[in-house]
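Convention: sequence-line order gives letters A, B, ...; per-chain numbering from 1.
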Amino acid sequence: MIENVRIRGGILTVCLAFAFVIIWHGLTLEPKFISKGLSEKELLTMEFNGDIIRDDNDVYYYNPDKPRGIPGPKKVFDKTIEEFSGAFEIRGTNDHGVAYLIWYTVKRFAAGFVCASIIAIILGVMIGLSKVTFFALNPFIQVLKPISPLAWMPLLLYSVKDPTYTAILVVFMASLWPTVANTAFGVNSIKIDYLRVASLMEMSRFRLLYKVILPAAAPTIIAGLRISFGSALVAVVPAEMLLGELGIGYLSWMEWNNLDISGIIFAIMMVGIVGVILDSLFNLLAKVFSYPET
Amino acid sequence: MKNDIYGDAFSPDNDIMNGHPHIGGDIEPEAVSDYHKTMNPIFRQLDHVGHTHADGTHCSGGTCKKDSTAMNRTALNTESINEKIVENAIMRAIFPNDEHRRRFISKVGKTAAASIVATFFPMDTAKSLAQEPVKNIEKKDLSIGFIPITCATPIIMAEPLGFYQKYGLNATVRRASGWSMVRDWAINKEVDAAHMLSPMPLSISLGAGSKQVPFFMPAVENINGQAITLANKHKNVKGPQDMKGFKFCVPFDYSMHNYLLRYYLAEGGLHPDKDVQIRVVPPPEMVANLKAGNVDGYLAPDPFNQRAVYENVGFIFKLTKEIWDGHPCCAFAVSKEFTTSYPNTFLALFKSIVDATHYSAVKSNRKEIAKAIAPKNYLNQPVTVLEQVLTGRYPDGLGNIMDVPDRIDFDPFPWHSMAMWILTQMKRWNHVEGDFDYDKVAKEVYLAAQCDDLIEELGYKKNGVTKKKHIIMGKEFDPKEPEKYLKSFPINNL
């Protein structure tokens, strides 16, 4: 029964994708160029401006290299092939293959997110362990939490003076607060019975932390990490754009500079792919942190 | 600053020239007169490296084939350019008087002239000396920040065309997305040198709009090359009087674009801060903004004016050349600290920039340059657009094909008087606080004297003076009286 549902779902996915491409193609069909009614001078000006090109028989066509409006699926497909064929090349300081760009973004994201998560969990546990510190510090966290990570950027850039670390720190800031808040909340709201039982068993503090507190708070911590993950993913792309650091965000900014719409669509797809890569990495991480409920 | 490897050989008081001041006079005029007639366009160009006729066209017909050594120089061959530079410099040393030199060359022909000189001057030794890179370079691997616009042409093309390499540097150019990014990179030493707007080294040195760091501007990159572009819906606009309420973009507060646009509007009676809105938008985003209808126009660097025409969203209303012919725009800038920590590196870099800027000035090299800087690693623009900008043959978006060979030009000399004009405008619009000595600031930031030495060393015409009068929209700026000039404007923020 379950297999059956999956197969049906899969077929529907393919159909939807197919329908989407057909509709996209239909909406972006380009009209044929009609030279009737245009004077020789107008035609020459258009040709000089690269709008139209002439074949050997002096028949004019729209210049296929010059985009007019949203490009169709074929152009985006061609662009994708072109980009992937040079994915592992470095053609200059400012032009690295797309595989490198994905690697840079994943690396930047991972560095910021992992550091932030470790620090946030430690901080969260420390805050959450004592009721007083929790109530004392919670207001600060609540104020810091909703600040857009990009709002930190100018200050970070000014103090760190290095765009590479600033980009990582923006990701760091994006993923810090939700995890701190959730961890503190999770640790703070552990059932008092668990702690009583632990104290009856005369557990060491370290054992208490590992065997009781973290497992009990794990669901809230993972929930916090998920929120952090989302906001860090949102932050990494604009951080690259603003700081001019090579990566997927930079790719989309660069394609926009050249007003290359197929390039922009390609870059958006790459952001999606990076999201999938990072999401699967996160699931691995989540498994490490989750404790089986027994 | 002055490199004296071969400076003496070319100085006007050298022995060699005293012995043979009028060597051309011994040659029979009739024997060369035919040759003279056909070759005349080239002789006029000897003052410049490269081969372009006086009218700016490419040489392709049969008339020039006789002088094959001058003709076959491919645009990319920097070594042969260097040889030309040296020949040129020697000619100048032998005949410091322009009139005498031209007369001599026009009598005997360029190739013949070179071979005659070579009989008594060791031309080959001089050429190899000139190609000898600066010694003891402290730091070879350099990173230079740039914004993807045609103004940066010399800085950018120096990488693919090997100008940095020629002077012993392994420099790469790094693209930034906006001027504030370049400024921060330069201040934070993320890059060793940078492409900046010519007012920026002044504003950074004065601490206006950023923290105060002493910066030098050793050379200007381009002159002219900007334009006011308006959206297609404004095709009936005639002048500032029709622009009330417009939204304009400029690339940066401290930019020639901002000051020229303000000047232009104010001359037409509009107050740039009250009657129109001027916003700062990074150049690459301007076309998209114009397309979206967010703004009515902009005064921006190319290729974004031409790109608006290419995208059929705007038209070129006025070239900045028509506001101030020969105005500086972008520049090459380094921090004072860099020049003191790495003096030889700086000298090599300075030389390669001055050399590359002169190479860009030669119009017959422009198509080659357009191809070299178009790829994704540099400007990431269609070659068509760059060619139209650099060759000055372009559609204006109103259905005309224009021919303005000096739409953009390149001249490295940083006139102190240009800095002083910029300072008057910074003061006029309240972009800088307090009083300062125009002359002193200009001299501290713009390295005109040092640049002039290098210009001479590389075999080009020395300017000799660092200040001159400039004419902006018919009004004269006299560098002797900047305060008086400043007070003469009825529209200001003083």
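- The greatest number of non-hydrogen atom pairs below 4.5 Å with chain A, out of B:Thr172, B:Val287, B:Asn377, B:Val173, is found for B:Asn377.
- Separating the CG atom in A:Leu243 from the CD atom in B:Glu190 is a distance of 10.0 Å, to the nearest 0.5 Å.
- When heavy atoms are compared at a cutoff of 4.5 Å, B:Gln381 approaches chain A by way of both its backbone and its side chain.
- Side chain to side chain, B:Asn312 and A:Asp51 meet the donor-acceptor criterion of an N or O pair below 3.5 Å.
- Applying the 6.0 Å contact sphere to NZ of B:Lys189 captures no more than 12 heavy atoms from other residues, nucleotides or ligands.
- Using a 4.5 Å heavy-atom threshold, the side chains of A:His96 and B:Lys376 count as separate.
- Proximity to chain B (any heavy atom under 4.5 Å) is shown, for A:Met46, by neither the backbone nor the side chain.
- The two residues A:Leu242 and B:Met181 have their closest heavy-atom pair at O-CE, 2.7 Å.
- A salt bridge between B:Arg175 and A:Glu245 is absent, with no side-chain N of the basic residue lying under 4.0 Å from a carboxylate O of the acidic one.
- Of all the listed residues (B:Gln306, B:Arg307, B:Glu311), the one sharing the greatest number of non-hydrogen pairs under 4.5 Å with chain A is B:Arg307.
- Both the backbone and the side chain of B:Arg393 come within contact range of chain A, each with at least one heavy atom under 4.5 Å from a heavy atom of that chain.
- A:Asp162 places none of its side-chain heavy atoms less than 4.5 Å from the side chain of B:Asn188.
- When heavy atoms are compared at a cutoff of 4.5 Å, B:Lys211 approaches chain A solely by way of its side chain, counted from C-beta outward.
- Taking a 6.0 Å sphere around CH2 of A:Trp24, one finds it holds more than 12 heavy atoms contributed by other residues, nucleotides or ligands.
- Chain A forms the most heavy-atom pairs under 4.5 Å with one residue out of B:Asn380, B:Val309, B:Leu379, B:Ile187, and that residue is B:Asn380.
- In this structure the side chain of A:Tyr250 never reaches within 4.5 angstrom of the side chain of B:Ser177, judged on heavy atoms.
- For A:Tyr165, the OH atom counts as loosely surrounded, since its 6.0 Å shell holds 12 or fewer non-hydrogen atoms of other residues, nucleotides or ligands.
- Annotation for B:Glu337: atom CD does not count as buried by contact number, only 12 or fewer foreign heavy atoms lying within 6.0 Å.
- In this structure, B:Lys318 places its NZ atom where more than 12 heavy-atom neighbours from other residues, nucleotides or ligands lie under 6.0 Å away.
- When all heavy atoms of A:Gly50 and B:Tyr310 are compared, the pair lying nearest together is CA-CE1, 4.4 Å.
- A distance of 4.5 Å separates CD in B:Gln388 from CZ in A:Phe48, rounded to the nearest 0.5 Å.
- Listed here is the closest heavy atom pair of A:Thr45 and B:Ile401: CA-CD1, 4.2 Å.
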